[in-house]
Amino acid sequence: MRFIHIADVHLGAQPDAGPLYSENRPQELWDTFEHVIRVCEEERTDLLLIAGDLFHRQPLLRELREVDYLFSRLTHTKVVLIAGNHDYIRRDSYYRTFRWSENVYPLFGRNLEYVDFPELGTAVYGLSYHSREISEPLYDGAAPAGAEPIEILLAHGGDQKHIPIDRKVLASSGFCYIALGHIHKPQALEKDRIIYAGALEPVDRNDTGPHGYIRGEASKAVVRTQWIPCAEREYIHLELDVDGSDTEGSVRERIRQYIDEQGNNNIYKITLIGKRSPDIIFDTKRIAGMGNILEVADETCPAYDITRLLEENRENLLGQYISHFAGCREGSLEYEALCEGIDAILAGRE
Ligand SMILES: [Mn+2]
C-alpha cells in the first residue's frame, strides 16, 4: 500500500512574501497542492492522507469545488482528510454539507472514527476540530480497532491549545503509522512511524527551511517513508556578521552573493550583527529594496575604540559615562548599553 501524507496546505492564506512575490504567493499554495495531486496520479498512489488545515480559514464553496474537482480526476487514489484548527467544522461550515466525489473520505466527526479499505488491507482513523481550540489530549486514548493489518491515524495538533500530544503514548498506541499535521516544520517524532509532514509550502515568515510531503509504503504493519521537498520557495533567515571594514555597499554585495548561492526563489529575512565602523550607517530600507528580502534588521553596534574615547573625554560626561562601565566584557549586555550610551552622547553633541 503506497501513500502520500500532506498537512497544513493552508489554501486561502496570503503569506508574507515581500513585494516580489506577495501577489502570486496565494496562487503558489494551490499550484503546489495540484503538483501533489499530479504526483498521486503519476505514481498511482493508493491513499492521499491530509492531516488537517487543508484550508487556512473556513473554505468557500467554490474552493471546495475546486479541490474536489482535483480529487475527482484521480483515477487510482483515494483521499482521506480531517479538518484542523484553521478549517475547523464551524456551525455554518460548507464542510458539513458538501458532497464529495466518491473517492474522497472525510473524517469530520468530533470523535475518533475510521474508514476501512479492505482491498488495501488498510484502515485510516481520525477526528476533526469543531472549534478553534481543543485542549484535551484526545489522542491519548486513541487505539486501532484491529480492522485491518495496516492501521493509520490521521492527527492534528501537538501544542497546549491544540490537542496536546504525548509522544510516548502515541508510540505505544498500536497504529503502524501516525500522519501528523499542525506543526509546520517537517519532523519525525519516531522514524517511519510518527511524522509531521510539515506545511506543504511555508505559510509564515518563520516557517524557515525546506517544505514538502511524505511518501510512504506499508506492507503489513511495516512502514517505510521518505520526505520529499517540493515547495516553490523557502524562508531563509540570515545573520550577517559585519566588521569594521564593511560599508553599506560591501554589505549589499555580500547579501547579493548569499542570495545567489541560496537561490533567487527564496524569501530572506536578514539580521545584521557584529561591530560596524562607528561612522557607517546601514540604510535597511535600501537593503530591503534589493528584492527577495522581506525584512532587514540592523542589530550591529559601533566598534568604538573605548580606551581612546576615555582618554580624550576624561573631563566630560562621555568620559564619566565610560568609566562607569570599566571592566565590562565585549558582547555582554553592559557592553551593549555602553555602546548605545556612547552613541546617544555623541549624537547629542552633533
Ligand atoms: Mn493547525
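Start at 1 and go down the list; that is how both ligands and their atoms are numbered. Only heavy atoms go into these numbers, but all of them, side chains included; no hydrogens, no water, no symmetry mates.
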Can you name the N, O or S atom of His156 that is closest to the Mn ion (ligand 1)?
-> NE2

For the Mn ion (ligand 1), what is the closest N, O or S atom on Asp53?
-> OD2

Is [X] close enough to the Mn ion (ligand 1) to have an N, O or S atom under 2.8 Å?
| X | value |
| --- | --- |
| Asp8 | no |
| His86 | no |
| His162 | no |

Rounded to the nearest 0.5 angstrom, the CG-NE2 distance for Asp8 and His182 is 7.5 Å

How many degrees, to 10°, between Asn85 OD1 and His182 ND1 as seen from the Mn ion (ligand 1)?
-> 90°

Should we count OH of Tyr94 as having more than 12 external heavy atoms under 6.0 Å?
-> no

Among His56, His184, His162, which residue meets the ring-ring contact (aromatic ring centres under 6.0 Å, His included) test with His86?
-> His56

Taking the side chain from Arg256 and the backbone from Met290, do they hold a donor-acceptor pair closer than 3.5 Å?
-> yes

Looking only at atom types and distance, does a side-chain atom of His211 sit under 3.5 Å from a main-chain N or O of Gly209, one as donor and one as acceptor?
-> yes

